[in-house]
Amino acid sequence: MSADNCDGNVSVPLRNLLNSIQCISDRVRDGESNASHGAFNLSNFWDTLNQAVKAVSQEATKLSLAFSKPPLPSQEDGEKLAESILKSVLALSTVYYWLPKSQGVSLRRQVRDATVEVLEGVAQLLEVILSSPLQSLSQEQLTSTGTVWSACDRFAQLPRDNRAAALVVLSAQIGVVKDAIEEIEQALSEAQDPFSDVLNDDQEGEEPRGNQDTYWSEKDRRVIGPCQGLMKASAACLRKLTSAVKSNGNVDTSQNVAQLDDLADITKEISPGVDDLALCLYPPMDYSGVESNVSKLAALLKKVLEIIRSSHVCGESQLTWVQFLDGAVDHNLQKAKDLIEQDS
């Protein structure tokens, strides 16, 4: 808070509070959960966590209002306010630590990220208040207060168990892979050889036509076909797995919880693999790079399908598409390699 607009004494408890919240946030981001002894009541956890989040939201509102117009709180009032906020923040982080890994690593990561977002929002609000001249409620302070509210509201949308948490991961992957496929399709529909209408015998000498770095040759386009097939197999795998988790996924045993984590973790590698393959397809096409990325994505998909096959989400009806996609991966990989080797 600048020296010309406030008594420096009131900024001391706020600075101490900011330091404390930043330390708590770092610990939540990097810390481990408490060991779970006996049965863990997930429903009770959510009730208590939501109450803690609501308290932080209310405290952030009180803080913002206290510094929205003159006169400033006294040092004593500032200390009480800081103490009350710190108490709510500590309560939130403590409740987060109740959630054991046995409830699912995917679930815990998403609750952790949401908790850190709230803590960082409160820290940002404090920084704005400490650095803003106190003339009236600044737009920056309004925005920061709204950021805390939004972060708190996000808790209502969090997955309530590890099955739901795995579905959140899968949904995000589907979106990214779908975008990559659509971008390549769009580029293919728009791109053309700018000299394709020039007859070969109109060219003098053996100079190549134009700048071939900017468009695909016929061979390039043939190679792209099975690469697109592999990308579409990735998308199909994610869609089918999502459906299988919705139908068969459960968190009744620690083994099932762990399997859902394994599925979520391995599928998070699919969209980067698809992106890497898509990027190397643009002209000028480097065939060795394409072959490398095709092989990597195919190997990853085979691994994903194997993990699906051995998990509790794979019933008789799922085995059919697992086997079909396994064959599609092999087919597209071999076809891409054959086309790359042609005329080389």
Side-chain angles (χ1 to χ4, degrees), residues 101-114 157-184 226-281 292-333:
K101 282 184 178 176
S102 59
Q103 291 297 314
V105 175
S106 302
L107 176 65
R108 196 166 175 278
R109 279 181 191 143
Q110 289 172 46
V111 177
R112 177 200 64 198
D113 291 347
Q157 277 78 51
L158 284 176
R160 286 309 194 246
D161 60 28
N162 211 45
R163 173 181 165 276
L167 288 170
V168 169
V169 173
L170 287 166
S171 176
Q173 289 295 304
I174 289 171
V176 178
V177 170
K178 183 168 172 277
D179 288 347
I181 292 169
E182 286 175 356
E183 280 172 23
I184 282 289
C227 294
Q228 283 181 293
L230 206 55
M231 292 161 74
K232 287 176 180 175
S234 303
C237 178
L238 288 166
R239 285 196 308 271
K240 291 288 191 180
L241 176 56
T242 299
S243 178
V245 171
K246 283 179 180 174
S247 302
N248 302 336
N250 73 66
V251 290
D252 296 346
T253 68
S254 58
Q255 183 182 20
N256 288 359
V257 169
Q259 285 177 356
L260 290 168
D261 280 331
D262 289 344
L263 289 167
D265 285 344
I266 189 72
T267 52
K268 275 194 279 196
E269 297 176 34
I270 292 178
S271 65
V274 168
D275 276 343
D276 288 346
L277 176 56
L279 283 170
C280 73
L281 295 179
S292 171
N293 282 297
V294 162
S295 299
K296 284 179 190 171
L297 182 56
L300 174 62
L301 289 174
K302 299 277 280 185
K303 188 176 174 184
V304 171
L305 290 166
E306 189 52 46
I307 292 173
I308 293 170
R309 196 196 305 264
S310 60
S311 77
H312 73 279
V313 305
C314 185
E316 284 298 318
S317 57
Q318 283 74 35
L319 266 178
T320 308
W321 62 258
V322 168
Q323 288 164 350
F324 173 79
L325 286 176
D326 199 63
V329 169
D330 287 336
H331 169 75
N332 283 297
L333 172 63

Between [X] (side chain only) and [Y] (backbone N and O only), is there a donor and an acceptor less than 3.5 Å apart?
| X | Y | answer |
| --- | --- | --- |
| Gln110 | Pro159 | no |
| Ser247 | Ala244 | no |
| Asn162 | Ala165 | no |

From [atom1] ([X]) to [atom2] ([Y]), nearest 0.5 Å:
| X | Y | atom1 | atom2 | value |
| --- | --- | --- | --- | --- |
| Cys227 | Lys232 | SG | NZ | 12.0 Å |
| Asn256 | Asn250 | CG | CG | 4.5 Å |
| Asp326 | Leu319 | CG | CG | 11.0 Å |
| Leu230 | Leu300 | CG | CG | 9.5 Å |

Is there side-chain contact between [X] and [Y], with heavy atoms separated by less than 4.5 Å?
| X | Y | answer |
| --- | --- | --- |
| Trp321 | Leu305 | yes |
| Ile308 | Gln318 | no |
| Cys237 | Val304 | yes |
| Gln103 | Val257 | no |

Derivation of the side-chain contact (heavy atoms from CB on, under 4.5 Å) call for Val245 and Arg163 = CA-CA 7 Å; Val245 171; Arg163 173 181 165 276; 4.1 Å; yes
Does a salt bridge link Arg109 with Asp261, judged by any charged N lying under 4.0 Å from a carboxylate O?
->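 A salt bridge is absent here (no side-chain N lies under 4.0 Å from a carboxylate O).
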Is the shortest distance from a Lys or Arg side-chain nitrogen in Lys303 or Glu306 to a carboxylate oxygen in the other one below 4.0 Å?
->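 Salt bridge flag = no for Glu306 with Lys303.
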Minimum-distance pair of heavy atoms, taken over all atoms of Ala264 and Val169 |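 So the minimum-distance heavy-atom pair works out to O-CG1, 3.6 Å.
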Give a yes or no on this: more than 12 heavy atoms of other residues, nucleotides or ligands lie within 6.0 Å of atom NZ of Lys240.
->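 12 or below, so no.
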Answer yes or no: are there more than 12 heavy-atom neighbours, outside Lys268 itself, under 6.0 Å from its atom NZ?
->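 Buried by this count: over 12 neighbours within 6.0 Å.
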Applying side-chain contact (heavy atoms from CB on, under 4.5 Å), run through Lys296 and Leu277 and close with a yes or a no.
-> CA-CA 9 Å; Lys296 284 179 190 171; Leu277 176 56; over 6 Å; no
Under the salt bridge (charged side-chain N to carboxylate O under 4.0 Å, His left out) test, which residues partner Glu182, sequence neighbours left out?
->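 Glu182 satisfies salt bridge (charged side-chain N to carboxylate O under 4.0 Å, His left out) with Lys178 only.
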Step by step, work out the side-chain contact (heavy atoms from CB on, under 4.5 Å) result for Leu167 and Thr242.
-> CA-CA 6 Å; Leu167 288 170; Thr242 299; 3.8 Å; yes
Is there a side-chain contact (heavy atoms from CB on, under 4.5 Å) between Leu260 and Val313 once you walk through the steps?
-> CA-CA 9 Å; Leu260 290 168; Val313 305; 4.3 Å; yes
